[in-house]
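These numbers come from the heavy atoms of this one structure, side chains and all, not from hydrogens, waters or symmetry mates. Atoms within each ligand, like the ligands themselves, are counted from 1 in listed order.
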Amino acid sequence: MRLGIHMPLKGGFENNISRVKAIGCETVQLFPGNPTGWRLGAPDPDLLEKRASFLEEQQIYPLIVHSAYLINLASPSPDFLEKSKLLLQGTMERAAMYRSPYVVLHTGNHGGQGVDRGIAQIIEAIEAALPQWPPSVKLLLENTAGSGTALGSHLEELAAILKSFPPGTLGVCFDTAHAWAAGYDCGSREGIAALLDQFESKIGLEHLLAIHINDSKAALGSRVDRHEHIGRGAIGLEGFKALLHHHWPAGFPFILETPEIGTDWDRVNLETVRALLE
Ligand SMILES: [Zn+2]
Ligand SMILES: [Zn+2]
């Protein structure tokens, strides 16, 4: 497995990569632009090529691109849906220029039109977009905390989307803080074993391609998305230890999205995870 962090927005690309490399990251996740804005701007292929080469030189891989939070393929608003599709397309193209294999997408919010309609709309949108996506980039659906009308907090909902496509078309990025808030007990060895069993039977562990390793400030089943430093939240170290010690494929990425990214907390959280691996 490979361990990394979500890259801060500030500080410049090469500085940030050098910094995460210095604290021992082997993989990294980034936003392709403003995570809360609709506009990605025109890509600069030369700049992205330079960044991709720099990552290669630094042996940081895989690069994971996290799409903007605004994208909602389950939106009941046609205008919002259209903008979401465009931004996702731009994100996939940018990921290809970065030579990133994965774009992570929050499953979506049905906005009152209901779970079934929301899921059907996500499937339709992906089906229509697939032929335009770069073949080197795979979309990973991220499980959510399930607040409001969020879809994808339960493995069954992710499975319904994944199983509408040939196996391997899409993958899953699993966030431990979101799972905890959605009611999956990942805080104990038994909880992790049960969770991985469920994942295997409902989706298939071969489709789990990245993990966001985050502790949670919120309680189990609270549906509240509040990340915490590893071992300092409600999930605690026992569950993380069990999760890390599962037999993951070579190169499998674990990304920290803990609070105060870009500060010395990154090193503290990385050290905590590494100590659990020993
Ligand atoms: Zn996310
Ligand atoms: Zn996440």
Closest heavy-atom contact between [X] and [Y]?
| X | Y | result |
| --- | --- | --- |
| Phe252 | Leu209 | CE1-C, 3.6 Å |
| Asp175 | His178 | OD1-N, 3.1 Å |
| Thr258 | Ile213 | CG2-O, 4.4 Å |

Can you give me the OE2-the Zn ion (ligand 2)-OD2 angle for Glu142 and Asp175, to 10°?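 Reported to 10°, the angle equals 90°.
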Would you say Cys173 reaches the Zn ion (ligand 1) with an N/O/S atom under 2.8 Å? no
At less than 2.8 Å, would any N/O/S atom of His212, backbone or side chain, sit next to the Zn ion (ligand 1)?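 Under 2.8 Å: His212 has no N, O or S contact with the Zn ion (ligand 1).
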Glu238/Arg189 salt bridge by N-O under 4.0 Å criterion: no
Quick one: report the N, O or S atom of Glu257 that is nearest to the Zn ion (ligand 2). OE1
